[in-house]
Colleague: 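First, the structure itself, so that you have it in front of you.
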Amino acid sequence: QVQLVESGGGLVQPGGSLRLSCAASGSIFSINDMGWYRQPPGKARELVARITRDGITNYADSVKDRFTISTDNPKSSVYLQMNSLKPEDTAVYYCTAQIRRIGSDYYTYLWGQGTQVTVSS
């Protein structure tokens, strides 16, 4: 079984910082893209940031220059450093990864369970 487990959410004041982590575990052959999405209250899920296996990144315009996505050396974990947080960043944040399982010939996208980020004074 393969799963993504997120951590690092919480309550922070405007202007503060948080770091989200997401670890992939299980029978993994390889991982391509990894990324973060978020779903604000009453709104649709949206892309926050994505990173390819080669380290190419892209960000939503609303988080550019404030958020940074990165992976660890084995590329089985992905992180999201969030600085200068704003109330509009409040959302459930989801990790996603394109994973090929051991014994499989194709990649599928998996999602974490989500972690709540609340920006409020």
Colleague: Is the closest side-chain heavy-atom distance between P87 and P14 below 4.5 Å?
Modeller: yes

Colleague: Keeping T71 on the side-chain end and V78 on the backbone end, is there a donor-acceptor pair under 3.5 Å?
Modeller: no

Colleague: Is any side-chain heavy atom of M82 closer than 4.5 Å to a side-chain heavy atom of Y93?
Modeller: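 Touching, per the 4.5 Å side-chain cut-off.
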
Colleague: Linking I/L/V/M/F/W/Y whenever their side-chain heavy atoms sit closer than 4.5 Å, directly or via other members, would I28 and Y107 fall into one cluster?
Modeller: no

Colleague: Please assess L20 against R38 for the test side chain to side chain contact (heavy atoms under 4.5 Å, CB included), listing each intermediate value before the final yes or no.
Modeller: CA-CA 12 Å; L20 304 183; R38 68 185 181 187; over 6 Å; no

Colleague: Are any non-hydrogen side-chain atoms of L85 and L18 less than 4.5 angstrom apart?
Modeller: yes

Colleague: Indicate whether the side chain of Y79 and that of T68 have a donor and an acceptor atom separated by less than 3.5 Å.
Modeller: no

Colleague: Rounded to the nearest 0.5 Å, what separation is found between the CG atom of D89 and the OG atom of S62?
Modeller: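 D89 atom CG to S62 atom OG measures 7.0 Å (nearest 0.5 Å).
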
Colleague: How far does CG of L11 sit from OG1 of T90, to the nearest 0.5 angstrom?
Modeller: 8.5 Å

Colleague: Quick check for you: to the nearest 0.5 Å, what is the distance between Q81 atom CD and R66 atom CZ?
Modeller: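 The CZ atom of R66 is 12.0 Å from CD of Q81, to the nearest 0.5 Å.
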
Colleague: So, taking the atom named CD1 in I69 and the one named CE in M34, what distance separates them when rounded to the nearest 0.5 Å?
Modeller: 8.5 Å

Colleague: To the nearest 0.5 Å, tell me how far N58 CG sits from D33 CG.
Modeller: 9.0 Å

Colleague: Indicate whether the side chain of N83 and that of S17 have a donor and an acceptor atom separated by less than 3.5 Å.
Modeller: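 Judged by distance alone, the side chains do pair up.
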
Colleague: Can you tell if the side chain of V119 reaches within under 4.5 Å of the side chain of E88, non-hydrogen atoms only?
Modeller: no

Colleague: What's the shortest heavy-atom distance between E6 and G114, and which atoms?
Modeller: OE1-N, 2.5 Å

Colleague: Looking at D61 and K64, does any basic side-chain N land under 4.0 Å from a carboxylate oxygen?
Modeller: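 Answer for the salt bridge query: yes.
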
Colleague: Please name the pair of heavy atoms, one in Q116 and one in A91, separated by the smallest distance, quoted to 0.1 Å.
Modeller: NE2-O, 3.4 Å

Colleague: Kindly compute the distance separating OH (Y94) from CD (Q113), expressed to the nearest 0.5 Å.
Modeller: 9.0 Å

Colleague: For a quick test of reading the model, state the closest non-hydrogen atom pair linking L4 to C22 and the distance between them.
Modeller: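 The answer is CB-SG, 3.9 Å.
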
Colleague: If you look at every heavy atom in I99 and I31, which pair is closest and at what distance?
Modeller: CG1-CG1, 3.9 Å

Colleague: Using the rule given for side chain to side chain contact (heavy atoms under 4.5 Å, CB included), can you reason through C95 versus W36, listing the C-alpha separation, both sets of side-chain angles and the distance that settles it, and then say yes or no?
Modeller: CA-CA 5 Å; C95 167; W36 291 93; 3.9 Å; yes

Colleague: Honestly curious: do V12 and V48 fall in one hydrophobic cluster under the side-chain, below-4.5 Å linking rule?
Modeller: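 Yes, V12 connects to V48 through the hydrophobic network.
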
Colleague: Check the pair R101, L110 against side chain to side chain contact (heavy atoms under 4.5 Å, CB included), reporting the backbone distance first and the verdict last.
Modeller: CA-CA 11 Å; R101 292 177 170 86; L110 294 184; 3.7 Å; yes

Colleague: Identify the heavy atoms of S30 and R53 that sit nearest to each other, and give their distance.
Modeller: CB-NH1, 4.2 Å

Colleague: Any side-chain donor paired with an acceptor under 3.5 Å for R45 and Y37?
Modeller: no

